[in-house]
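A note on names: the letters A, B, ... follow the listed sequences, proteins ahead of strands, and every chain is numbered from 1. All values below were derived from every heavy atom in this structure, side-chain atoms included, with hydrogens, water molecules and symmetry-related copies excluded.
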2 protein chains.
Amino acid sequence: MQEGTFSSHGHCRGTTARGDVFAADCPTRRLLDRIADKWSTLILLTLHDQPMRFNGLKRRIDGVSQKMLSQTLRSLERDGLVSRSVVATVPVSVTYAITPLGASLVASLRAMIDWAETRMPEVAAAQAAYDTISGRSVPEIA
Amino acid sequence: MQEGTFSSHGHCRGTTARGDVFAADCPTRRLLDRIADKWSTLILLTLHDQPMRFNGLKRRIDGVSQKMLSQTLRSLERDGLVSRSVVATVPVSVTYAITPLGASLVASLRAMIDWAETRMPEVAAAQAAYDTISGRSVPEIA
DNA sequence: CCGAATCCAGCTTGATACTG
DNA sequence: CAGTATCAAGCTGGATTCGG
């Protein structure tokens, strides 16, 4: 990240070719907040395999509420990461698919998930050690 | 993720070599929720460059509150991604550093941030298009 | 000066119920 | 099927305060 410029505050816009997530007021920060999100991640990963309908996604992504699914899908659609197509059948059927832009993000997301799924044992061990050494005083965050 | 098994629900534990983030009750899901987090991401990225003290992090990560910083750091420490070392100087000085485990995650995180910082224009364009077509009915999420 | 803990207002989340 | 509406609960962050 072009080190050297450790701009603690602010600037990000303007002539700069790219944003700076470390600046609170940079649009990039908001974007990061949206893609670095559990539901967004799982939705994009799922749609990368195949287009899917609302309830398909809901079934696939165990534990997501309708509200969060609907809300997150709209956000992803607005950001151009997911497309939404409506077919006026009897009960209207809506299909969601990933866009090329969305697909270009999936690799990183997948890497993150792969990390989580494979490194879990080490994390669990660290947690156990932490909870032991800290001697009970630390409440389970999980 | 051993594809093919589209286990909508549950299983993840047991004999399986790795977790399944799509299962709501899998510890991996909680882990994903913690690493797919704005503050965790920015903290890990920052510490990957160099160890840093609390207020150094606070200054670097524009907009983070003391509370969230302290809370997130404790969570990362518990998960073994960050180490905390105290030096009993006059005003005690506490330094945070990334662990090898944490460092092994940074590449994916950095990729995600790079994506956000470089693809922002396309996302902004998509938002503009969406907001126009949807005809005012959609309130700015940002 | 560094860092943690507390109180409080406000936003986000999720369960439930309801509509086209 | 595909959402929207509503409400209660929890989390977030700012300000303040306390301790070393």
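Arg18(A) and Asp114(B) are joined by a salt bridge, as a carboxylate oxygen and a charged side-chain nitrogen come within less than 4.0 angstrom of each other.
In this structure, Trp39(B) has no side chain to side chain donor-acceptor pair (under 3.5 Å) partners at least two apart in sequence or on a different chain. Under the rule for a side chain to side chain donor-acceptor pair (under 3.5 Å), Gln66(B) has no partner lying at least two apart in sequence or in another chain.
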Intermediate values then yes/no, salt bridge (Lys or Arg N to Asp or Glu O under 4.0 Å), Glu77(B) and Arg74(B) = CA-CA 5 Å; Glu77(B) 188 196 355; Arg74(B) 212 173 316 130; over 6 Å; no
query = When you check every protein heavy atom under 4.0 Å of nucleotides 9-15 of chain C, what one-letter string (B, S, -) results, 5' to 3'?
reply = ----BBB
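A close approach under 4.0 Å does not occur between any side-chain nitrogen or oxygen of Asn55(B) and OP1 or OP2 of dC1(C).
On the nucleic acid side, DNA chain D has its first and last nucleotide under 4.0 Å of a heavy atom of chain B at dT12(D) to dT16(D), going 5' to 3'.
In this structure the side chain of Arg110(A) reaches within 4.5 angstrom of the side chain of Leu45(A), judged on heavy atoms.
When the local axes at the two ends of the helix from dC1(C)-dG20(D) to dG20(C)-dC1(D) are compared, using 5 base pairs at each end, they differ in direction by 30° after rounding to 10°.
Side chain of Asp62(B) to backbone of Ala23(A): no donor-acceptor contact under 3.5 angstrom is found.
Contacts between residues 83-92 of chain A and DNA chain D, counted as heavy-atom distances below 4.0 Å, involve Arg84(A), Val92(A).
Annotation: cation-pi pair Arg53(B)/Tyr96(B) absent, no NZ/CZ under 6.0 Å from the ring centroid and within 45° of its normal.
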